[in-house]
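Report on one structure; see the data block that follows.
Chain letters run A, B, ... following the sequence lines, proteins first and then strands; every chain starts at 1.
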Amino acid sequence: MTRFLASRLLQALAVLLLMSFVITVLMTLMPGDPVDMMLAGNPRATPADAARLKALYGLDKPLLERYWHWLQAALAGDFGFSRLYAQPVLTILLPRLGNTLLLLGAAMALTLAVALPLGVYAARRPYGWADNAINLFCFAGISVPAFWLALLLILLFAVELQWLPASGLGPVGGEGWWQRLPYLVLPVASLTLASIGGYTRYVRAAMMGELRQDYIRTARAKGLGEGRVVWRHALRNATIPVVTIVALEFGALFSGALVTETMFAWPGMGKLIYDSIMGNDLNVALVALLFATLTTLAGNLLADAAYAGLDPRISFKGDGA
Amino acid sequence: MRAGRFLRRFARHRLAAASALLLLVLAVAAAAAPWVESWLGVEATGISLLDRFGPPSALHPLGTDELGRDVLVRLLYGGRVSLFVGVAAALASAVIGTGIGLLAGYFGGRLDDLLMRVTDGLIALPLLPLLIVLGAIDLTRLGIPPEVAGAEDASLLRIVVLVALFGWTTVARLVRGATLSARRRDYVRAAVAMGADSRRIMLAHILPNVAAPAVVATTLTVGNVILLESVLSFLGLGIQPPLPSWGNMLTNAQELVGTAPLLAVWPGLLIFLTVIAVNLLGDGLQDALDPRVVGKR
């Protein structure tokens with residue numbers, strides 16, 4: 001297990017290092033020069049000013065040298081300043097991370113709360129009318145464009161009915177967290193509706209696999225109630241693949257939240273990634289993208305660990321699989 | 001597998017059959033866009049600021065948009081773009097993925113390790129943010145001449161390439177798995193014993209046996225590609241106007257949602273219907289092509 005973890009961590013570090021370099025290169029290919037963009041609104045700026053600013057940001061140096069400087073500073077915990085927000089990168093990043101975790105946490109909890117019973121129900125009477133209806137609903141969830149779903153929710157609940165605010169984070173400060181609740185409803189609903197389908201299908205497939213097993217027949221044969229057989233015996237084993245998927249998808253959800261956050265102007269990581277890329281804010285974009293990669297990698301690792309932890313038949317000894 | 005048996009199983013999957021029909025109708029309608037255009041006597045690119053936000057009429061069956069263009073004709077032209085991108089990128093992904101999967105599964109060893117590490121690495125990347133970066137980069141800085149980079153079809157080709165670059169991993173994994181099991185079969189051993197070379201064994205003996213999962217995965221990829229294209233175009237990074245796509249027709253929808261709500265509904269509805277049809281079709285194909293699910297229902 002330790003050797004397995006060590007090799008996986010090493011691999012994750014290599015991916016991160018490679019990503020940081022690739023992103024640095026890609027960001028130099030973006031249209032527009034960051035310094036020219038800064039000075040565009042200032043008529044008194046001279047070419048000399050531009051050159052001085054470029055020297056200040058190190059933009060006059062060759063790419064490799066710039067990357068090396070960034071890497072050295074980053075390893076010492078200094079990720080530089082944001083050009084758009086004129087603040088240290090981490091000062092901007094951390095509150096947004098909190099906002100995203102709040103959004104994703106709420107959406108994930110709601111998704112599982114619906115998907116588990118729905119999937120179990122569908123698996124108990126496969127190919128009945130309820131299962132078919134649930135199946136169609138799942139396909140709808142998988143197939144709907146997330147930004148359009150958000151658009152429809154805004155159209156219905158914010159524009160037509162005017163029940164809920166269309167965007168933003170709500171009042172910030174000690175006003176009481178419940179005042180922010182209405183702002184959470186539409187983004188969470190949008191994320192949840194888009195992900196319920198996938199999870200329900202996983203739960204259904206896992207449950208159908210378990211309900212065919214011999215131990216279920218044994219449990220029924222010895223006279224256990226159907227509820228106990230389904231919810232205690234089968235579901236416990238069915239959760240193993242589901243937990244794995246949750247861990248795997250968490251990273252994907254992280255970048256999937258980009259669209260939802262942008263649509264609802266929710267100041268989270270996804271919107272930060274989008275704004276920083278579009279605004280040519282290299283330092284922020286780099287760290288935010290690396291963070292998104294890190295979550296995906298951590299999710300993958302966690303999925304493997306959860307798999308081994310929950311299923312005693314799987315171990316990482318021997319072939320290191 | 002016999003064609004008749006395949007068709008019988010497929011038809012039993014009523015949703016999949018209905019989906020295939022819907023996709024056919026959409027494809028024909030999109031292909032007929034120029035005829036509809038001349039029949040209605042409107043132009044897809046005809047900007048007319050006097051006719052902005054027009055209600056449905058005989059001339060404009062679905063009304064006009066914020067620049068006075070006919071919505072129906074633009075939807076049809078947008079359908080051409082979205083369907084073309086979806087199919088082209090999925091086919092490109094399928095070719096790359098099948099090639100890599102075959103090589104990794106057949107030769108195994110170091111090559112397999114290397115290819116699968118690359119696949120794992122790609123899967124761990126945050127796809128959408130990366131596509132946004134790649135969609136935003138200035139092609140002229142890569143040394144591509146501006147007249148090529150600025151051509152109308154450049155954004156079309158670019159998105160196909162971008163999606164194919166990341167989209168092949170699913171097919172590669174499936175084909176690798178299928179190749180691993182096919183490689184140990186007797187008929188492959190017999191081919192080896194008769195002195196067939198690796199290329200022939202892979203193409204003539206293994207490929208037909210890994211085709212079924214590859215076809216299913218490719219179908220499902222089409223749906224994902226259409227979703228990716230629509231979101232990138234929506235964000236202004238995919239298909240560039242004036243070329244319409246269902247995604248970029250929604251770009252201004254959020255600001256206009258109070259003025260012209262239906263403009264936000266139509267393109268999204270078509271994306272949704274197309275993707276759900278493709279996914280249901282893929283599901284039906286899976287059941288029809290996979291002999292292991294016989295008697296499931």
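Shown here for Gly236(B) and Gln240(B), the closest heavy-atom pair between the two residues is O-NE2, 3.2 Å.
Heavy atoms closer than 4.5 Å to chain B are found in the side chain of Ile154(A), but not in its backbone. Looking at Leu237(B), the atoms closer than 4.5 Å to chain A (heavy atoms on both sides) all sit in the side chain, from C-beta outward. Contact annotation for Leu26(A): both backbone and side-chain heavy atoms come within less than 4.5 Å of a heavy atom of chain B. Contacts of Leu134(B) with chain A are made by side-chain atoms alone, with heavy-atom separations under 4.5 Å and no backbone atom involved. When heavy atoms are compared at a cutoff of 4.5 Å, Val278(B) does not approach chain A at all. Looking at Leu18(A), neither its backbone nor its side chain comes within 4.5 Å of chain B, counting heavy atoms on both sides. Contacts of Phe139(A) with chain B are made by both backbone and side-chain atoms, with heavy-atom separations under 4.5 Å.
To the nearest 0.5 Å, the span separating CZ on Arg74(B) from CG on Asn248(B) amounts to 6.5 Å. Distance check: Asp283(B) CG to Thr219(B) OG1 gives 11.0 Å after rounding to the nearest 0.5 Å.
Between Asp120(B) and Arg173(B) there is a salt bridge, since a side-chain N of the basic residue sits under 4.0 Å from a carboxylate O of the acidic one. Here Asp113(B) does not pair with Arg110(B) in a salt bridge; the nearest charged N to carboxylate O distance is not below 4.0 Å. A salt bridge links Asp131(A) with Arg204(A): the closest approach of a Lys/Arg side-chain nitrogen to an acidic carboxylate oxygen falls below 4.0 angstrom.
Checking Ser82(B), Ser245(B), Pro244(B), Ser155(B) one by one against Ser233(B), the side-chain contact (heavy atoms from CB on, under 4.5 Å) holds for a single residue, Ser245(B).
Each of Leu273(B), Leu235(B), Ile271(B) has some count of heavy-atom pairs under 4.5 Å with chain A, and the biggest count is that of Leu235(B). Taking Leu269(B), Asn224(B), Thr274(B) one by one and counting their heavy-atom pairs under 4.5 Å with chain A, the maximum is reached by Leu269(B). Most heavy-atom pairs under 4.5 Å with chain B, from the set Thr262(A), Leu155(A), Leu289(A): that is Leu155(A).
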